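A short write-up of the structure that comes next.
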Amino acid sequence: MSPTPDTVDELIRSGYQHGFVTEIESDTVPAGLSEDTIRMISLKKQEPDWMLEWRLKAYRHWLTLEEPEWAHVQHPPIDFQAISYYSAPKKKGDGPKSLDEVDPQLLDAYNKLGIPLDEQKALAGVAVDAVFDSVSVATTFRKNLAEAGVIFCAMSEAVREHPELVQKYLGSVVPHTDNYFACLNSAVFTDGTFVFIPRGVRCPMELSTYFRINEAKTGQFERTLIVAEEGSHVSYLEGCTAPMRDENQLHAAVVELIALEDARIKYSTVQNWYPGDEQGRGGIYNFVTKRGDCRGDRSHISWTQVETGSAITWKYPSCILRGNDSVGEFYSVAVTRGMQQADTGTKMIHLGRNTRSTIVSKGISAGQGQNTYRGLVRMAQRAENARNHSQCDSLLIGDRCGAHTFPYIEVRNPTAKVEHEATTSKISEDQLFYCRQRGLSEENAVSMIVNGFCKEVFNELPMEFAVEAQKLLNITLEGAVG
Amino acid sequence: MLSIKNLQVAIEGKDILRGLNLDIGAGEVHAIMGPNGSGKSTLSHALAGRDGYQVTGGEVLFDGRDLLALEPEQRAHLGVFLGMQYPVELPGVNNMMFMRESLNAIRRARGEEELDAVAFMTRVRDKARLVDLDEKLLKRNVNAGFSGGEKKRNEILQMAMLEPKLAILDETDSGLDIDALRVIAGGVNALRSPERSIILITHYQRLLDYIEPDFVHVMVGGRIVRSGDKSLALELEEKGYGWIEEEAA
Ligand SMILES: Nc1ncnc2c1ncn2[C@@H]1O[C@H](COP(=O)(O)OP(=O)(O)O)[C@@H](O)[C@H]1O
Ligand SMILES: [Mg+2]
C-alpha cells in the first residue's frame with residue numbers, strides 16, 4: 001500500500017479529529033460506586049435477577065482487590081468514587097430502537113465520525129452497533145443478519161432476549177476473578193455487543209461496534225461477547241473515539257471470544273480514544289481485558305489491533321489454545337507520541353496438541369511516547385508439537401521516546417518450539433534526507449517508512465479499515481519529526 | 001545553468017568549503033576530483049540542501065534562482081538530483097513504490113499529471129534495462145540488502161526515472177568492478193543531453209575513460225584549485241594529488 005495523495009491531504013489536517021462534544025440531554029447517574037449503584041444500573045437495564053447477582057458477586061470480590069502496579073505505565077491513582085457509572089442519551093419512550101426512532105442528534109454525531117447509521121449510506125457489507133456512553137443507540141442490518149441466523153445486538157438486549165446463551169458463555173473466558181479491571185467491569189458493565197454465529201454459518205457481513213464516550217466524568221465499561229459455533233466464521237471490527245477533555249476518563253472493557261470446533265473469529269480494533277494534549281493533560285485510560293478461547297479443535301482466533309489513541313493503554317488480547325490444532329494470532333501496531341504510554345502485547349496459552357500461534361507486534365514511539373510490548377507464550381505440558389513465532393519490532397522517531405520489550409516464555413513440553421525475534425530501529429536523518437532529495441516531503445517520507453514498518457499488520461485488516469488505519473496513523477504522526 | 005560563487009560551508013562550526021567557485025552550462029559534464037576529505041561530498045550535500053551544512057557565505061544560482069533558500073524537496077522538484085556516495089536503505093518501503101511516489105511528487109510540484117500505474121511500469125522496466133538492474137530488485141525494499149554495485153545502479157535508475165536538469169553523482173564509481181563500471185557509465189552516457197548538466201565526483205580517473213567530461217576540476221581544502229579539460233585528469237593519474245596540494249598550500 002502506498003500513501004496516496006489523499007493521505008497527503010490528510011496529513012495537512014492536524015491534531016485529533018474526533019474531539020467534538022455532542023450536546024445531548026442525557027441521563028447520567030451521580031458519581032460514586034456502591035452496591036446501590038450496581039442495583040440501579042441493573043434496574044435501568046431491566047435485567048433479570050441472575051444478572052444482578054452476577055454483578056454483585058463480582059463487586060464484592062473487587063472490594064478485596066488492589067489496583068495492579070506492574071504495567072510499565074504511570075498515572076495518578078484513580079478515584080473510583082469520582083466516576084459516573086452510567087450515562088445514556090435520553091430517549092423518548094422505551095421499546096425496541098428502530099433507526100427512525102434514534103435521536104437525529106445522535107445520528108449526526110455518528111455521521112461526523114464517518115459512521116453513517118443509515119443503512120442506505122452505510123459502508124457496503126458492514127453492520128454497525130453504535131454504543132454511546134453506556135448504551136447501544138442503534139444496530140444496523142439486524143434483519144439481514146437474522147435471516148442468516150446471526151444474532152448481533154446490544155449486550156443489554158441479549159441479557160433479556162437470549163439469557164440461556166449469555167448465562168452459558170458470559171464470564172467463561174474472562175471470569176470476574178481474572179484481574180482488577182475485568183472484575184470492576186463485571187460489576188458495572190453497561191453495554192457492548194453480543195454476537196452469536198450458529199453452527200456452520202459464515203457471517204454474511206463484517207460486524208462492527210463503534211464506541212463513543214461523550215459525557216464528561218463518566219467511565220465506559222463495555223462488555224463484548226462473541227460466540228462462533230462449530231464451523232462458523234465471523235469478522236468483527238471495533239472503533240473508538242472520545243471528545244477532547246482536560247480530565248482523564250476511564251475505559252475498562254472486557255471482550256470474550258469463544259470459537260468452537262473449526263470456527264474462525266477475526267477481531268480487529270482501530271482504537272483512537274482521545275490521547276490527551278501535548279502536555280499530557282486529559283485523555284482516556286484504556287484498561288482492557290480481551291481474550292479468546294479456541295475451545296474446539298482446529299478453531300482459529302485472530303486479533304489485529306491498531307492502537308493510536310488513549311493517554312494510557314493497557315491491554316493484552318490473548319488466545320487460549322485449548323482445542324488440538326487450534327491457531328491463535330496477534331497482529332498489533334501501537335503508536336505513542338506526545339506523553340502517551342502504551343503497555344500492550346498478548347498471551348498465547350498453548351494447551352492443546354499441535355497448536356500454533358503467531359505474534360507480530362510493531363511499536364512506534366515519537367515525541368516523549370513510551371511503548372512497551374509485554375507478551376507471554378506458555379506451552380503447557382500437553383501441548384505436544386506446539387509452535388509459536390513472535391516478531392516484535394520497535395521504531396523510534398526522535399530522541400526522547402522509548403521502546404521496551406518484555407517477552408515471557410514458559411515451556412513445559414519438550415516438543416514445543418518457541419521463536420522470538422526483536423528489532424529496534426530509528427528513522428534516521430539519512431533516510432529523511434534521502435527521501436526529500438527524491439522530492440518527497442518530510443511528512444510523506446515518515447508516513448512511507450512507518451507504513452512500510454506496519455505493512456504486515458495492515459495486511460491483516462479488512463480492506464476498508466486498512467485504508468482508514470493508514471490515514472489515522474499518518475494524522476497521528478503528523479508533525480512528529482523535527 | 002548553475003553558478004556557484006564564493007561558497008562557504010561549515011559543519012558543526014568547522015569550515016569545510018572555503019570559497020568555492022564553479023559555473024556549469026546546460027548540457028555540460030564536469031568532473032570534480034580531489035583527495036579524500038577535500039570537501040567533494042560536502043559540496044554535493046550543500047547543493048542538495050542537507051540539514052547541518054551551514055552556508056556561511058556565497059551564493060548558488062540555479063537557472064537564476066537562489067538555490068540555497070530552498071528546502072531539499074523543492075530543489076528536487078526543480079530538477080536537482082544527487083546520486084549518493086552511500087545510498088540509504090529504507091526497510092519496508094518497496095523500491096518500485098518509492099520511485100513512483102518520488103516521480104509523482106515531483107510531477108505534482110511542477111503542475112504535471114501523475115503517471116498512472118501502467119505508464120510508470122513501462123517506464124521503469126525500460127530504464128531498469130538501461131542500467132542492467134535485475135527486475136527482482138524493483139520488488140524489494142529500497143536498497144535493503146542490495147550489494148554496493150546494486151545500490152549504485154539503483155541510484156542511476158532513479159536518475160533515469162526522474163530526468164533531472166542537474167545530476168550530481170558522488171563517487172558513483174567507487175566499489176564497482178570493471179564490468180559494473182562500464183554498465184553504469186553506459187547508463188550515464190545515455191542520459192547525457194543538451195538540457196542536462198552532470199557533476200561527476202570521483203576519486204579515480206578510471207571513470208573518465210568511460211564518461212568523457214567537458215571539464216575537470218581539482219578540489220583541495222574546500223576550494224577548486226585547478227580546472228582544465230580531461231588531460232588534467234590524466235596528469236593527476238600520473239602524478240597524484242601531492243603536487244597540486246603543495247601548490248595550493
Ligand atoms: N558530518 C560531519 N561532521 C563533521 N565533519 C564532517 C562531516 N562530514 C564531513 N566532515 C568533514 O568535512 C571534510 C570534507 O569531507 P567530505 O566532504 O566528505 O570530503 P570528500 O567527499 O572530498 O572525501 C572532512 O574533513 C570531513 O571529516
Ligand atoms: Mg565523499
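All values derive from a computational prediction rather than experimental measurement. Values below: every heavy atom of this structure, side chains too, minus hydrogens, waters and symmetry copies. To find a chain, count down the sequence lines: A is the first, B the second, and so on, and within it residues start at 1.
- Looking at every heavy atom in both residues, B/N94 comes nearest to A/K455 through N-NZ, 4.3 Å.
- Proximity to chain A (any heavy atom under 4.5 Å) is shown, for B/L90, by both the backbone and the side chain.
- In this structure, no portion of B/R75 lies under 4.5 Å from any heavy atom of chain A.
- When heavy atoms are compared at a cutoff of 4.5 Å, A/C454 does not approach chain B at all.
- With a threshold of 4.5 angstrom between heavy atoms, B/A48 approaches chain A through its backbone and through its side chain.
- Heavy-atom minimum distance, A/C435 versus B/F98: SG-CE1, 3.8 Å.
- Side chain of A/Q431 to main chain of B/E89: a donor-acceptor pair is present (N/O by atom type, distance under 3.5 Å, no hydrogens or angles).
- Shown here for B/V88 and A/D430, the closest heavy-atom pair between the two residues is CG2-O, 3.7 Å.
- Closest of all the heavy-atom pairs between A/G439 and B/A105 is O-CB, 3.4 Å.
- Once rounded to the nearest 0.5 Å, the distance linking CD of B/Q74 with OG of A/S441 reads 11.0 Å.
- Put simply, the side chain of A/R436 never gets that close to the backbone of B/R50: no donor and acceptor are under 3.5 Å apart.
- The shortest heavy-atom contact between A/L440 and B/E73 is O-CB, 3.6 Å.
- Between A/F433 and B/H45, the two ring planes are perpendicular [angle over 60°; tilted spans 30° to 60°].
- Residue B/Y86: no heavy atom, backbone or side chain, is found under 4.5 Å from chain A.
- B/N104 does not touch chain A: none of its heavy atoms, backbone or side chain, sits under 4.5 Å away.
- Across every non-hydrogen atom of A/Q437 and B/A76, the tightest pair is O-CB, 3.0 Å.
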